[in-house]
Amino acid sequence: MNQKQKFSSQLLRWNKQQNKRQMPWKGEKDPYKIWLSEIILQQTRVEQGLAYYNNFIKTFPTIHQLARAKDEKVFKLWEGLGYYSRCRNLLVTARFISKELKGKFPDSYESIKLLKGVGPYTAAAIASFAYNLPHAVVDGNVFRVLARVFGISKAIDSTDGKKHFTALAEELLDKKQPGLYNQAIMDFGAVVCKPAAPLCDSCVFKKDCYAFQHNKVGELPVKEKKISIKKRWFYYLVMEYKNAIAIRQRTDKDIWHSLYEFPLIEVAAASSVNDILKQAVKENWLKAKGYSVRTLSPLYKQQLSHQFISGQFILLTLKTKPANDGNWQWIARKDLQRYAFPRMLRDFMHSEMQ
Ligand code: SF4
């Protein structure tokens, strides 16, 4: 038996005898629930995604119920998960399947991959878990396990690397039980061959694992590109006028699209509150002497995949309504919780507006 054949049988033995990882969607065959869990777990840790998954299933037990829901309600349920394009795609796909396909989830890899928000990884996961079709998942866990066990130094974010890992993953896949195999390799990467401090001493592969045998565990997998992080400074004006607070929906092609926020002044570097207020007067959001500053929040920070946001909130009471409030809505303080806000704004409201 060569190393590749041995790998699959060892992995499945580990899965049977030692894998204790529990997840509510494990063994699930309903493609709707699998799809929902996979979309939630794209760019989200299992621990964080779990409560969201349970909430979605409870609120929308079927794809028709999700498809019929108002955007606002779904966004509110998604609030805090980030990467909101996933939520928009979720709605588009639910409505497409509910209406155009009469609620019947596509049942081939190719037709699943055509759904909005579904890439090769998610399509392989749904196809193998729901329909036991032989398509290998290739996610961060799989890249890591294969790079280490087989000593592959091709970059996992290069075209050549992706091709190589995908071909190897397909070759290793147990074609008779692809769903079980796919779940096993992802679990193995998540609980044993972890990114930091993998459990090599008790690992079933340690005798054959290239990285362990050659002391290269910390060097594999290899990545080509360093992500450049853009820094942005957001100053929010939390304006209260006659017991109502101004909010607006983000509609530009930018982060947090469709979510709500307070009127925002974005600047290129940290600025003084005075400069921000002057800018607000220029925009006709404030009258020179028509407001008073109640408080100033501490600096909030949020790290996104390619951006680092610093945000500060200036709480103001207005004596007169702004001249330029065309796309704002004036909402009673108690009703703010009905709207979906980015995490940084929600954190601010929880700690400073209760
Ligand atoms: S020996 Fe260590 S690096 Fe190799 S597969 Fe096992 S956990 Fe991963």
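Residues: numbered from 1 along the sequence shown. Atoms within each ligand, like the ligands themselves, are counted from 1 in listed order.
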Problem - Polar protein atoms near atom 2 (Fe) of ligand 1 [N, O or S; cut-off under 2.8 Å] - result: Cys200 SG

Problem - Electrostatic pair Lys113-Glu110, nearest N-O below 4.0 angstrom - result: no

Problem - SB check Glu240 Arg333 (cutoff 4.0 Å) - result: yes

Practice task
Taking the six-membered ring for Trp and the full ring for Phe, Tyr or His, determine whether the centres of Phe7 and Phe150 are under 6.0 Å apart.
Solution key: yes

With a 3.5 Å cut-off and sequence neighbours excluded, list the donor-acceptor pairs that the side chains of residues 32-40 form with protein atoms.
unit_1: Tyr32; atom_1: OH; unit_2: Phe60; atom_2: O; d: 2.8
unit_1: Ser37; atom_1: OG; unit_2: Lys33; atom_2: O; d: 3.4
unit_1: Ser37; atom_1: OG; unit_2: Ile34; atom_2: O; d: 2.8
unit_1: Glu38; atom_1: OE1; unit_2: Tyr121; atom_2: OH; d: 3.0

Handout entry: Ligand-side contact atoms (ligand 1) for residue partner Val149, heavy atom cut-off under 4.0 Å
Key = 5 (S)

Practice task
Give a yes or no answer on whether the side chain of Arg144 reaches the backbone of Cys193 with a donor-acceptor pair at less than 3.5 Å.
Solution key: yes

Exercise for the section: Return yes if a side-chain donor-acceptor contact under 3.5 Å exists between Tyr210 and Gln3, otherwise no. Expected result: no

